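Just so we're on the same page: letters track the sequence lines, and every chain starts at 1. Just so we're clear, the structure is a prediction, and the values are computed from it rather than from any experiment.
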Amino acid sequence: MAKVMELARVASQVILADGVYSMWIETKKIALEALPGQFISLYTKDNSKLLPRPISICEIDREKGLIRIVYRVLGGGTEEFSCYKEGDYIEILGPLGNGFSIEAGAAGKRAFIIGGGIGIPPMLELSKHLACEKQIILGYRDSIFLKEEFSPYGVTYVATEDGSEGTKGNVLDAVKEHGLSADVIFACGPTPMLKAIKAYAKENGIECYLSMEERMACGIGACLACVCKSSEVDDHSKVHNKRVCKDGPVFQAEEVDF
Amino acid sequence: MAKVMELARVASQVILADGVYSMWIETKKIALEALPGQFISLYTKDNSKLLPRPISICEIDREKGLIRIVYRVLGGGTEEFSCYKEGDYIEILGPLGNGFSIEAGAAGKRAFIIGGGIGIPPMLELSKHLACEKQIILGYRDSIFLKEEFSPYGVTYVATEDGSEGTKGNVLDAVKEHGLSADVIFACGPTPMLKAIKAYAKENGIECYLSMEERMACGIGACLACVCKSSEVDDHSKVHNKRVCKDGPVFQAEEVDF
Amino acid sequence: MNTKVNLAGIELKNPVMTASGTFGSGEEYSEMIDLNHLGAVVTKGVANIPWPGNPTPRIAETHGGMLNAIGLQNPGMEVFVQRDIPFLKQYDTKIIVNVCGKTTEDYLEVVERLSNESVDMLEINISCPNVKEGGIAFGQDPKAVEAITREVKKYAKQPVIMKLSPNVTDIGEMARAAEAGGADVLSLINTLTGMKIDINRRSFAVANKTGGLSGPAIKPIAVRMVYQVANAVKIPIIGMGGIMDADDAIEFILAGATAVSVGTASFRNPYATEEVVKGIEAYMKKYGVDDINDLIGAVR
Amino acid sequence: MNTKVNLAGIELKNPVMTASGTFGSGEEYSEMIDLNHLGAVVTKGVANIPWPGNPTPRIAETHGGMLNAIGLQNPGMEVFVQRDIPFLKQYDTKIIVNVCGKTTEDYLEVVERLSNESVDMLEINISCPNVKEGGIAFGQDPKAVEAITREVKKYAKQPVIMKLSPNVTDIGEMARAAEAGGADVLSLINTLTGMKIDINRRSFAVANKTGGLSGPAIKPIAVRMVYQVANAVKIPIIGMGGIMDADDAIEFILAGATAVSVGTASFRNPYATEEVVKGIEAYMKKYGVDDINDLIGAVR
Ligand SMILES: Cc1cc2nc3c(=O)[nH]c(=O)nc-3n(C[C@H](O)[C@H](O)[C@H](O)COP(=O)(O)OP(=O)(O)OC[C@H]3O[C@@H](n4cnc5c(N)ncnc54)[C@H](O)[C@@H]3O)c2cc1C
Ligand SMILES: Cc1cc2nc3c(=O)[nH]c(=O)nc-3n(C[C@H](O)[C@H](O)[C@H](O)COP(=O)(O)OP(=O)(O)OC[C@H]3O[C@@H](n4cnc5c(N)ncnc54)[C@H](O)[C@@H]3O)c2cc1C
Ligand SMILES: Cc1cc2nc3c(=O)[nH]c(=O)nc-3n(C[C@H](O)[C@H](O)[C@H](O)COP(=O)(O)O)c2cc1C
Ligand SMILES: Cc1cc2nc3c(=O)[nH]c(=O)nc-3n(C[C@H](O)[C@H](O)[C@H](O)COP(=O)(O)O)c2cc1C
Ligand code: FES
Ligand code: FES
């Protein structure tokens, strides 16, 4: 799975919710190799910004050579991307990271697919690939996006912080409210959510995969910027520091030490 | 003549010769106030570049609120500008500098209007304003641009370094070849050309105005980056250093000490 | 909402001032912005006699910054007193005169000449990297910093700001030296010595070979030094170095600056100083900060 | 056309190397570029034992640069010798090991351990601003620089590169101290100490509070220091700090560097190192330069 840097053409961009954008990108090579849970690095045209913006791959269309990203405008980088139109070009590096284990969601199992906020996008491509029974639980602060796109793949539950839709509260509140259970969990979202899910999985003895976030510089494992505390000694530096960009972003819950 | 910074709309852009672009810009205020020989500062969108790119005003359409610039791609800034299309926006500051003395070219006089290379553009608007008899002498390294646009205003002579058109040599070679003479000279172009013209004017006792170039930071006279050596003590610092951006860019030839 | 800050007994209506050398004596920018809105105008360096400055090119652009080697061109104190002070007196803002010199005597001459003029504070530039004698020799040795501060304080009728050089191993040491010499306020940072080479002409991009690096490129160094100095001395700090907008200004204030100077930003955007004033107010409103003094050094 | 340069008897096929800490031990980047094309690979700092490094966030973006406070996380010399040296030996490039330590003994232990390994040169990092004992204390005092250089030279079997800190008043003095201690080569600059504050959270952007500033923002400072050191010592210099492309690399060479290191640029463009090699050749062709050695220090 060779990583490449491409000057890729923007195929389309639409706004999904306040500040949340969906962009399809034409790539020669990345779409061919990408796996659910992997991410790409995007680079700004503004040369005053040097570092990559890591964004998860939300969908992959191998035949057409397209990948989709869904992202929230947070600072100057995502702001710049949000102005791109069809036909503009963007520099991207990928595919990066390990991706989710598809085997862990083999037929016969019952899975929770949990996405929180801007952690929701990578769960869409994953949902297409898992053969198991999928219970999809999406947590939002307020405005809803991508929800309908999950419906073909499983029953979808929603939690919102303000209670404007679905369960008032977080994704685990939704699990409780609906009395759901599972054999395996796949989750991506804010750190407090992941921490709570790890505890929940442990309590209930459930296999659990978490996709982590950290500031990145190289995005390929060389600079040691993006480490997270790991319970085991890591392969690279032998110091309990796994690299989110290379050893992750997806980890088994027990690997990660919050 | 108040200076303003405007986020101005690009009305059109075309390429005139290899690496030479012509852009019309819609401005609310600058077009209303601009004079021939003045310039504007253009700012890049790329935030890694901070300083203004000073470019002369080539034409002014007061009624439509338009100004025209003609520039050569030299480095990253002009490269960025050359990619702009109709409808793009560009930050500009102006009008800057003093401009040419229109009175010096009053009816009854005979003038040389001399432009060298990328110093040609400001002479176009000037040509429209001078009431005197105009002998227009344009010097190029190789490819010719803007020449036809001068024809309505006077007889136009050309000099090229490679001799591909008109006189082989520089603008003063063209003057000699055609046996021209004048009472007043207006010139803009590279420093060696201006220096030679100053000497020619002095020799022949001709009134002479030169438009100078220097690296700029503020563009309005505050930072003292853009000084040129002046024969008289300057008003600002009393040290024989006139500011090209504020006291110029147009100087009487005797003022400037090459 | 209070935006007033106090520098050695001088009350500024807000903490935003102009960085010396980037704003002349205010006249040129007064065409575009209202000087009444600024906390203070800090003038270009003033010497005892007119200085011609360096040959051109005097500046060069760098990635996120610029080099300058103006060489402290200035008309000298007499013209300054007769022309620039009356101009600035028209406005309701504080007047801070930046003073430069080649010898201690030069500095003292200017300080004395200004002692009975309507000048609110003096900023002593002992950190200009662009003229051999223009101060940096004073600014890189703690003993020299203390000594010149002490001399200036003897003659000065106005509060004295010592402007420090970042081209040192330990800025905290320089700050303590200035404080020991009696400085009322410190301002930092001046420019970092830099160089650019034009690889096509194979020559230096500025005629002086080296120049002072300013602009957003140097902001992280400046913020670190302000933080470090705030932990080293008790006197107030004027922070500067790459402030482009209000967010940058607030960063310096949180690091420990009582006031801030906006320099290179004015070249990119002539309205920058005024916009910083407005932006600080907007930030205070957004976060319910009633008094700007509550932000000074709030991140520790 | 000759692009070979000589560093203390070690011949590099071209002057382009990787900057320590930005390229691991080459493995990750070897997926994307051909290490055979590089003059040398300089590894991440290696200590006597594994170092865990600093808490996260370890980096922050700044205008035209970045701050890092990795804190020299590394697996220690044993893993390095057993895993990383054999990996690098596969390639036709020189191997330069960057060495870090908390005490002189730490450094010497690593230097000794490497003495019989296939390592071409040692780069001694006495300038890391991100760990209290990580060298910068050594790097800011000329006596300490000379002393540690002398010690390292006693134990080293390979030529020794001393990596200097830019956080000093006089880099020339540090360079002369290293030369006096017996250094074979100097490399500069390491990062400048900086800080960024997140004004919305009112907290430090990197957990370590301060970090090292790298990237094109610092290039003018680095070029100036290389020029200054080239005038101060006779030993060769490896120049670095903000090299993004071949033009930048040539700027350092013209200022006096015999070789150059490409660091932060690899984060912006993983092909940067290889592109610099090609770009230098293109420049030489364009200007008819037959031997790269003719460009070293050519602007004076
Ligand atoms: C593996 C991974 C996958 C991600 N997937 C998505 C996604 O699918 N959709 C989405 O909206 N966001 C995603 N993020 C977060 C996204 O990277 C940041 O929101 C984005 O980098 C912010 O850039 P900015 O220029 O707008 O913000 P700024 O705050 O201006 O960025 C400044 C610097 O901080 C970094 N940074 C800021 N926030 C984060 C963050 N949360 N994580 C990592 N780096 C950050 C930026 O990359 C940049 O280097 C992901 C992050 C990681 C690590
Ligand atoms: C009063 C004035 C009027 C001008 N009018 C025109 C014009 O009508 N058409 C035209 O093509 N050019 C004109 N120039 C030159 C033009 O300013 C430069 O070509 C342009 O700034 C180059 O920018 P860059 O980013 O492409 O080049 P870079 O070399 O990347 O620029 C780097 C820095 O150097 C400055 N710089 C580079 N060359 C010059 C120069 N010759 N003069 C001043 N600053 C320079 C840039 O502004 C910038 O700050 C004029 C210059 C001045 C001073
Ligand atoms: C063109 C220019 C001229 C300067 N002249 C002076 C000066 O005369 N006296 C002085 O103390 N500092 C001078 N400085 C330094 C600035 O006041 C300020 O300390 C420095 O530029 C950092 O701030 P900035 O990044 O906001 O510009 C000058 C800076 C520039 C860019
Ligand atoms: C993430 C990162 C890690 C670094 N680690 C080291 C290191 O371990 N040892 C060292 O001597 N320098 C280290 N450096 C400094 C670089 O080698 C180099 O001196 C500096 O970054 C300037 O070059 P650049 O601007 O090209 O990055 C590191 C720099 C960065 C950005
Ligand atoms: S970002 Fe460099 S190791 Fe992960
Ligand atoms: S550019 Fe500032 S004085 Fe002319």
A.B. asks: Please state whether the side chain, the backbone, both or neither of D:Tyr271 comes within less than 4.5 Å of a heavy atom of chain A.
C.D. replies: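 D:Tyr271 touches chain A through side-chain heavy atoms alone.
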
A.B. asks: If you count heavy-atom pairs within less than 4.5 Å of chain D, which of A:Arg215, A:Glu91, A:Lys246 leads?
C.D. replies: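 Highest number of pairs under 4.5 Å: A:Arg215.
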
A.B. asks: So A:Tyr209 and A:Phe186, would you call those rings parallel, tilted or perpendicular, with 30° and 60° as cut-offs?
C.D. replies: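 Parallel: the ring planes of A:Tyr209 and A:Phe186 meet at under 30°.
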
A.B. asks: Under a 4.5 Å heavy-atom cut-off, does chain D meet the side chain of A:Val233, its backbone, both or neither?
C.D. replies: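 For A:Val233, there is no contact with chain D at all, as no heavy atom is under 4.5 Å.
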
A.B. asks: Taking every heavy-atom pair that is under 4.5 Å apart, which of D:Gly24, D:Gly64, D:Gly26, D:Pro216 has the most such pairs with chain A?
C.D. replies: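 Max contact count across the listed options: D:Gly64.
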
A.B. asks: Looking just at side-chain N and O atoms, do A:Asp46 and A:Thr44 make a donor-acceptor pair shorter than 3.5 Å?
C.D. replies: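 Their side chains do not contain a donor-acceptor pair, so the 3.5 Å distance test is not met.
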
A.B. asks: What part of D:Thr264 gets closer than 4.5 Å to chain A, counting heavy atoms only: side chain, backbone, both or neither?
C.D. replies: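 Just its side chain gets close to chain A.
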
A.B. asks: Chain A heavy atoms under 4.5 Å from D:Phe23: which part of the residue, side chain, backbone, both or neither?
C.D. replies: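 Looking at D:Phe23, just its backbone touches chain A.
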
A.B. asks: Please check if any side-chain donor atom of D:Asp106 sits under 3.5 Å from a side-chain acceptor atom of D:Asn48, or the reverse.
C.D. replies: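 Looking only at side-chain atoms, D:Asn48 and D:Asp106 do form a donor-acceptor pair, the distance falling under 3.5 Å.
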
A.B. asks: A:His236 versus chain D, heavy atoms under 4.5 Å apart: side chain, backbone, both or neither?
C.D. replies: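 A:His236 touches chain D through backbone and side-chain heavy atoms alike.
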
A.B. asks: Out of D:Ile59, D:Asn74, D:Val79, which one racks up the most heavy-atom pairs below 4.5 Å with chain A?
C.D. replies: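 Winner by heavy-atom pair count: D:Ile59.
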
A.B. asks: At a heavy-atom separation under 4.5 Å, does D:Thr22 approach chain A through its side chain, its backbone, both, or neither?
C.D. replies: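 Looking at D:Thr22, just its backbone touches chain A.
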
A.B. asks: Is it true that the NZ or CZ of D:Lys44 lies under 6.0 Å from the centre of D:Phe80's six-membered ring and within 45 degrees of the ring axis?
C.D. replies: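 Judged by the rule, D:Lys44 and D:Phe80 form no cation-pi pair.
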
A.B. asks: Going by distance alone, is a donor N or O of one side chain under 3.5 Å from an acceptor N or O of the other, for A:Thr78 and A:Arg72?
C.D. replies: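 Side chains of A:Thr78 and A:Arg72: no pair found under 3.5 Å.
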
A.B. asks: Around atom CG of A:Asp235, are there more than 12 heavy atoms of other residues, nucleotides or ligands at under 6.0 Å?
C.D. replies: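 No - once you tally the heavy atoms of other residues, nucleotides and ligands closer than 6.0 Å, there are 12 at most.
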
A.B. asks: If you count the non-hydrogen atoms of other residues, nucleotides and ligands that lie under 6.0 Å from OH in A:Tyr89, is the total more than 12?
C.D. replies: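 12 or below, so no.
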
